[in-house]
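The structure appears right after this line, and notes come after that.
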Amino acid sequence: MCGIVGYIGNKNCIPILLNGLKRLEYRGYDSAGIAYIANGEAHFVKNKGKVSSLEDKLRNLNIVSNLGIGHTRWATHGVPNEINAHPHFNMAKNLFVIHNGIIENYQTIRTSLINLGYNFITETDSEVIPHLIDRFLNEGHSLCRSVQFALNEVQGTYGIAVIYLNEPDKIIAARKGSPLVVGIGENENFVASDVSAILAYTKQVVYLEDGEMAVVYKDHFTAKTIADVEIEKEVTEITMTLDEIDKGGYAHFMLKEIMEQPDSVQNSMRGRLLFDEGTAKLGGLETVADRLVDSKRIIISACGTSWHSALVGEYMLEQKARVPTEVEYASEFRYRNPIINKDDAIIFISQSGETADTLAALREAKQRGALAIGICNVVGSSIARESMSGIYTHAGPEIGVASTKAFSSQLIVLALITLMIARRKDMSLVDGKNIAVEMEKLPDKIRQILKLNDEIEFIANEFKSSRNFLYLGRGYNFPVALEGALKLKEISYIHAEGYPAAEMKHGPIALIDDNMPVVFIAPKDSTYDKIVSNIEEIRARRGRIIAIASENDDNIDKLVDYSIKIPDTIRMLMPILSVIPLQLLAYHIAVKKGLNVDQPRNLAKSVTVE
Ligand code: AGP
């Protein structure tokens with residue numbers, strides 16, 4: 001996600017742009033920039049780092065301008081640096097574009113524009129937009145028509161704002177898949193990713209929908225479709241407070257990020273599934289794909305929640321790609337003088353890309369000649385940069401300390417890697433297509449589960465005073481049991497443990513009494529009957545049971561105290577669905593305990609120390 005803001009009116013736009021970008025920094029904060037028109041000239045200023053460092057750069061320039069756009073970046077393509085920061089511009093440097101989203105076909109567009117003589121200076125997907133618009137301007141079209149023609153060439157998602165020196169009376173905004181609003185003022189108007197950037201100046205906004213654009217002047221605006229059809233748009237009065245808006249109207253970033261998972265999971269898959277070939281296209285692994293496919297063993301190393309996704313990845317890779325796979329805590333891996341062979345592939349998973357133990361394990365693996373691959377969420381992070389190859393999860397900024405959407409996006413990437421390897425080995429086209437089709441259904445199934453939020457909140461209220469919890473699962477869902485337990489303990493401070501369900505009889509069952517809530521992950525899969533036996537064992541000892549079950553399971557309700565029914569999918573993808581109720585259960589218990597959900601005690605979002 002990135003933050004976009006634009007201003008046209010009688011005031012100086014610079015302070016308005018900077019204030020707006022500061023309100024949008026929760027959307028992305030690795031680099032920032034502005035473009036503006038003043039005294040018949042167009043200028044831009046960009047900076048790596050937070051908006052405050054851009055502000056420092058602007059402070060002594062004494063710029064006065066009535067038209068400008070600003071952007072704070074969450075890098076998806078191209079490391080965070082000044083060159084890759086937005087705005088991007090045409091070769092004449094008189095047209096400036098800021099973009100939020102992912103251009104899936106940017107490589108194709110880039111190649112065709114280079115063949116037409118265009119020069120690219122960044123590593124980003126977004127830079128194709130100004131050059132595309134420029135191409136149509138050079139054919140004599142207006143800025144509005146040129147933007148329309150350009151966007152018709154683009155596949156993927158965008159929320160853009162555009163300014164052009166030769167038409168200095170307007171900002172053009174257009175939306176497909178990334179939010180964009182027009183703010184209506186008195187002899188001034190605004191464009192922004194969301195209302196938090198402009199609420200200090202106006203409460204009158206117009207929400208653009210996908211496929212719509214606005215031509216914004218200082219005293220009015222016109223709305224059109226990308227196909228140049230004029231449309232009427234309703235002006236809405238904003239009632240939310242600024243603090244609520246920063247969190248997208250949610251009480252906490254953690255809840256916002258849980259609720260974002262249909263979109264973040266979609267973004268993790270975007271442009272990476274080849275349905276006809278029943279496989280995955282992973283640009284970041286292209287240079288090492290053969291070595292990865294031929295590796296004799298895969299080791300996955302990570303910490304915390306990322307270690308849990310690694311455990312799911314182990315099941316995926318061994319069951320579907322038939323590759324011997326081991327999972328290692330990065331903190332253990334780096335110190336135990338591990339046996340690493342040159343035909344090993346080692347995958348390092350890290351949301352932040354800065355976890356000290358994982359980074360050190362990566363360096364150790366490279367030292368010993370293994371293929372080192374990174375799966376990170378933060379573009380340009382240390383682990384991403386030091387990996388020999390890698391894939392970004394594209395989950396967007398994860399602000400809440402307790403990881404949620406990053407986990408589901410890590411599982412998506414592991415499923416894509418598994419699919420790619422498996423289809424290069426023995427997996428049939430039919431099986432590959434089935435996995436791809438099931439992956440494409442996940443966002444809607446997650447939306448279905450999120451509708452159970454109130455029901456899960458009710459259950460949370462029943463257990464908010466518990467002092468211990470057990471989480472049990474089998475197979476792919478054993479790591480989900482571990483993740484559910486971690487979510488609960490790190491934000492509610494309730495002691496919780498995850499176990500393979502069959503392990504109960506080897507000791508932990510001694511803990512069971514009517515004060516011990518037990519969460520079972522019990523979808524109707526091949527281990528269901530065994531899980532039901534485990535549930536009976538707990539019931540016999542008066543344990544209180546919450547089951548995450550299949551929506552078509554009408555047997556389990558008479559066995560448990562509470563059941564949360566979720567849609568089914570194939571086993572290897574079930575963790576992406578079964579974890580959602582556990583995230584919400586932990587969230588609501590912590591909220592009901594009045595705890596700081598986004599910044600739990602003793603924890604940090606990125607553990608950059610050993
Ligand atoms: C997860 O909710 C925790 N915040 C923590 O375990 C985290 O997963 C761990 O520190 C690893 O972080 P990383 O993915 O950024 O490397």
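Counting starts at 1 for both ligands and their atoms, in listed order.
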Nearest non-hydrogen protein atom, atom 11 (C) of ligand 1: Cys303 O, 3.4 Å
Show the atom names and distances, to 0.1 Å, of all donor-acceptor pairs under 3.5 Å that link a side chain in residues 412-420 to residues at least two apart or in another chain.
{"residue": "Thr418", "atom": "OG1", "partner": "Leu414", "partner atom": "O", "Å": "2.8"}

Atoms in ligand 1 flagged as close to Ser306, the criterion being non-hydrogen separation under 4.0 Å: 8 (O), 13 (P), 14 (O)
Side chain Asn81, main chain Asn84, donor-acceptor under 3.5 Å: yes
Verdict with reasoning, Asp561 to Arg544, per salt bridge (charged side-chain N to carboxylate O under 4.0 Å, His left out): CA-CA 6 Å; Asp561 298 273; Arg544 299 179 67 200; 5.2 Å; no
Within-cut-off N or O pair, Leu486 and ligand 1, under 3.5 Å: no
Under 3.5 Å: donor-acceptor pair, side chain of Gln448, backbone of Ile566: no
Numbered atoms and elements of ligand 1 in range of Ala402, under 4.0 angstrom, heavy atoms: 2 (O)
Between CE on residue Met439 and OG on residue Ser268, distance to nearest 0.5 Å: 9.0 Å
Plane angle bin for Tyr329 and Trp307 - parallel if under 30°, tilted between 30 and 60°, otherwise perpendicular: parallel
Residue Ser350 vicinity, atoms of ligand 1 by number, heavy atom under 4.0 Å: 13 (P), 14 (O), 15 (O), 16 (O)
Whether Thr355 side chain and Asp357 backbone form a donor-acceptor pair below 3.5 Å: no
Residue, atom name and distance, where the atom is the protein heavy atom closest to atom 10 (O) of ligand 1: Val607 CG2, 3.8 Å
Shortest protein contact, atom 6 (O) of ligand 1 (heavy atom only): Gly304 CA, 3.2 Å
Heavy-atom nearest neighbour in the protein, as seen from atom 3 (C) of ligand 1, with distance rounded to 0.1 Å: Glu490 OE1, 3.4 Å
Min N/O separation Thr358 to ligand 1 under 3.5 Å: no
Side chain His394, main chain Ser264, donor-acceptor under 3.5 Å: no
Atom 12 (O) of ligand 1: nearest protein contact (heavy atom, Å): Thr355 OG1, 3.5 Å
Per-atom contacts of ligand 1 with Val401, taking only distances under 4.0 Å to non-hydrogen atoms: 2 (O), 4 (N)
Ligand 1 contacted by Glu354 (non-hydrogen, < 4.0 Å): no
Ser403 N/O to ligand 1 N/O under 3.5 Å: yes
Ligand 1 atoms in contact with Lys487 (distance to a heavy atom under 4.0 Å): 1 (C), 2 (O)
Side-chain donor-acceptor contact under 3.5 Å, Glu462 with Tyr562: yes
is_close_aromatic(Tyr106, His77), centroid dist under 6.0 Å: yes
Numbered atoms of ligand 1 (with element) below 4.0 Å of Thr305, judged on heavy atoms: 1 (C), 2 (O), 6 (O), 8 (O)
